[in-house]
Amino acid sequence: MVSEKVQKDPYLDRIRNLKPDQLDSALIPFKQLLDRKTVANLQSCVNCGLCAETCHYYQATGELEAIPAYKLRLVKSLFKKLSTMLGGLKEKPDVTGILDSQIIERWVDSLYGRCTLCGRCALNCTMGINITRLIRMARTTLASIDLVPPELQSTVTTAVEKGNNMGIPREEWIDTLQWLSEELQMEVGDQKALLPVDKPGAKLLYTVNPREPKFFPLSLLATAKIFYAAKERWTVASDYYDVTNYGLYSGNDDEAGLLSSRLRESMVKLGAKALVLGECGHGYNSNRWEAPEWLAAEDRFEVKSIIQIIADYIRQGRIKLDRSRNQKLVTLHDPCNLVRLGGIIEEQRFILNNAVTNFVEMHPNREKNYCCCGGGGQLAMTRYAKRRLEAGKIKADQIRKTGAQVVVAPCHNCIDQLSELNREYDLKVEIKTVSEVVADALVIEKKEK
Amino acid sequence: MFTILKLGVAASGLFCAGVLMVVLIRTFAFGQKPVYARPSGSSFAGVMYAFGWGMLPWEKESAAKHIWTYMGGILYHIGILVTMLFLATILLRISFPMIWLYLARILLAIGLFCGVALLIKRILKPHLRSLSSGDDYWANFLVDLFILLALISTYAEKALIPFLIIAIITFVYIPFGKLRHCAFFFYSRIIFGAYFGKRGVLPHPSRKT
Ligand code: SF4
Ligand code: SF4
């Protein structure tokens, strides 16, 4: 069902007043997105319904519109109208009425409004259908006729126009880096300690979620402290440093590709050896896995998560940690895009086992973990905030069951959602990034001034 | 009459296989987009997992939480396989020892029970009912009938005539409804395994060693 709030807004009016030629124009990109994998997936569902409970939206509401197979059916029904009994596309389909405003409204409501693109259904489908990819394909189709929910689109547009999704001016970013450098110098007692900007020939180019310089600079300071302790040759770029890519969620591949290409531009400009993605789940999935496809080019350099880098520092003895500095009971949230869809599964556990004294897993965990419900662009799409918090209850319950005092999440997006869940469900937990926990345990011998 | 029906089954079987082949060829004709991201795991290991450990009920939450439905589905498909084998013995006039017949009866009876149970579940569970179309009910009913007649035929030869008629209807229907998933199951599992395998998500770390 479409919520009342949605019914009143201009976005919905726009959908309801779509002209037939606008609707027809969506069919072209839809057809272009079909390849043998998607077509096979579109014909494989047996309606067994076993995917229903794998989706947090269905678990929270029990609504048909939340069932992954229902979402898949929305996409499949368009394919069916365009294809013959034998599976190929009709030569000259009668496109009139194939898509109408009601269908689009249902698509938007379920595929944007009740999905975090978390991949849980894809992992659990008995047939192996990648429902998540099909949902994103539908989002791409909607994006092609300019129907991305406006709040999500505005995040993407800000990133495209201003270089980062928070629209932070370059001077402000440089300023922040400067005072963080001073903080770092004070903390480590070394006047040479820095957060280097545009340093040519650095080994690592580090990218951050703009949320850090804007609201949580101390988490950036924590990472800088780790780099300092590991004596790393690293840098950030003064222009393109935003690891996030909401194009992944909006479905607009051109914009997503543009955002990811900018990080690659910075790599080339600065001649760094590896692109290091800050703690951001979808930033990792976008830039590690999807960007090469959006840009139709293999990366000539390594693309790594900061989590892998920190784990390597510990293994190589480049940083020393004192676990006793983190005595509280800690649990770990697995961001879907980093873990289930990204493949970074054990490194964060290895790090925590070295950085805290009491670590407890939530259940289920790793690739089977529940989505916090902040992904898929849900945090940006405020129109669906009520659903997001409702569906996030499963995560809140998971956290509560651990009895943990600290929840570590290697993703700033997840941290935003977890913070809201913390308030909504009165969890009384601290929420931290992996870097923050590691920085707290870092043993640094202060240099003489 | 019996010979004509046998010829009809053979013809409909060939028709079914032919149409499914065309469907698969047309699906593959959509082509594959080039893949650029470097792997961090192994697609091959992922595919092996998809057809091995990944089929075990506890590997998937959806199956673990609905163990009876999942097991029912597997036993139902075993029943279908036995029905097909039984049909082949009729068409090719292959005789087999009684012990095989007893075993076949047991598997057919279990398969039939599971098929009917799944149909009842589809009717009774509101979320499944709302997901289902006529095709879901018809396909389930048709296959249940197919198994039932195979089972009766193992006791009474007279049932062979309706069994062969239903076999023809089933074969003709397979490529046009949800039953065509039989052609896509393997490919979908390969896609699944390769996707999560390449990303280093599956096989689960505990299965890698
Ligand atoms: S689990 Fe897969 S096959 Fe079963 S209903 Fe869901 S999408 Fe369809
Ligand atoms: S991707 Fe996640 S949120 Fe979307 S339908 Fe699947 S399980 Fe639900």
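Both the backbone and the side chain of Leu86(A) have a heavy atom closer than 4.5 Å to some heavy atom of chain B. For a residue to count as touching a neighbouring chain, one of its non-hydrogen atoms must lie under 4.5 Å from one of that chain's; by this rule Leu89(A) touches chain B with backbone and side chain alike. The part of Arg120(A) that comes within reach of chain B is its side chain, from C-beta onward, which places non-hydrogen atoms under 4.5 angstrom from that chain. Heavy atoms of Thr38(A) lying under 4.5 Å from chain B are absent altogether. Residue contact with chain A, scored on non-hydrogen atoms closer than 4.5 Å, involves the side chain of Leu128(B) exclusively. With a 4.5 Å cut-off on non-hydrogen atoms, Val303(A) does not touch chain B at all. Heavy atoms of Ala52(A) lying under 4.5 Å from chain B belong exclusively to its side chain.
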Verdict with supporting geometry, Arg366(A) and Val201(B), side-chain contact (heavy atoms from CB on, under 4.5 Å): CA-CA 9 Å; Arg366(A) 296 177 167 84; Val201(B) 177; over 6 Å; no
Audit row: Arg133(A), Tyr195(B), side-chain contact (heavy atoms from CB on, under 4.5 Å) steps and yes/no: CA-CA 11 Å; Arg133(A) 281 201 94 79; Tyr195(B) 177 84; 3.4 Å; yes
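Annotation: Lys80(A), atom NZ; neighbour count of heavy atoms from other residues, nucleotides and ligands within 6.0 Å does not exceed 12. Remark: Tyr102(B) OH is loosely packed, at most 12 non-hydrogen atoms of other residues, nucleotides or ligands lying under 6.0 Å away. The number of heavy-atom neighbours closer than 6.0 Å to CD1 of Ile94(B), taken from other residues, nucleotides and ligands shown, is above 12. Open room surrounds CZ on Phe44(B); 12 or fewer heavy atoms of other groups in view lie less than 6.0 Å from it. The environment of Phe141(B) atom CZ is sparse: at most 12 non-hydrogen atoms of other residues, nucleotides or ligands sit within 6.0 angstrom. For Met21(B), the CE atom is loosely surrounded, since the number of other residues' heavy atoms within 6.0 Å does not exceed 12. For Lys60(B), the NZ atom sits in a packed shell: over 12 heavy atoms of surrounding residues, nucleotides or ligands are nearer than 6.0 Å.
Residues of residues 145-155 of chain B having a heavy atom under 4.5 Å from any heavy atom of chain A: none. Among residues 23-43 of chain B, the residues having any heavy atom closer than 4.5 Å to a heavy atom of chain A are, in sequence order, Val23(B), Arg26(B), Thr27(B), Phe28(B), Phe30(B), Gly31(B), Gln32(B), Lys33(B), Pro34(B), Val35(B), Tyr36(B), Ala37(B), Arg38(B), Pro39(B), Ser40(B). For residues 167-191 of chain B, the interface with chain A (any heavy-atom pair closer than 4.5 Å) comprises Phe176(B), Lys178(B), Arg180(B), His181(B), Phe184(B), Phe185(B), Tyr187(B), Ser188(B), Arg189(B), Ile191(B), sorted by residue number.
Residues Asn285(A) and Arg199(B) share a closest heavy-atom pair of OD1-NH1, 2.9 Å.
Residues His127(B) and Leu64(A) form no side-chain contact, since every pair of their non-hydrogen atoms from C-beta on lies 4.5 Å or further apart.
Between the side chain of Ser62(B) and the backbone N or O of Cys125(A), no donor-acceptor pair lies under 3.5 Å. Judged by distance alone, the side chain of Asn124(A) and the main-chain N or O of Glu61(B) form a donor-acceptor pair under 3.5 Å.
By number of non-hydrogen pairs under 4.5 angstrom with chain A, the leading residue of Lys125(B), Lys121(B), Met55(B), Lys198(B) is Lys198(B). Interface check for chain B: of the options Lys368(A), Glu293(A), Glu298(A), the most heavy-atom pairs under 4.5 Å are formed by Glu293(A). Counting heavy-atom pairs closer than 4.5 Å to chain B, the top-ranked of the candidates Gly62(A), Pro364(A), Ala122(A), Ala296(A) is Ala296(A). Annotation: maximal heavy-atom pairing with chain B below 4.5 Å, among Asp299(A), Leu123(A), Ile344(A), Asn130(A), occurs at Leu123(A).
With sequence neighbours excluded, no residue forms a ring-ring contact (aromatic ring centres under 6.0 Å, His included) with His66(B).
Residue Lys65(B) holds its NZ atom at 8.5 Å from OG1 of Thr54(A), rounded to the nearest 0.5 Å. Here the CG-SG distance, from Leu131(B) to Cys45(A), works out to 7.5 Å after rounding to the nearest 0.5 Å.
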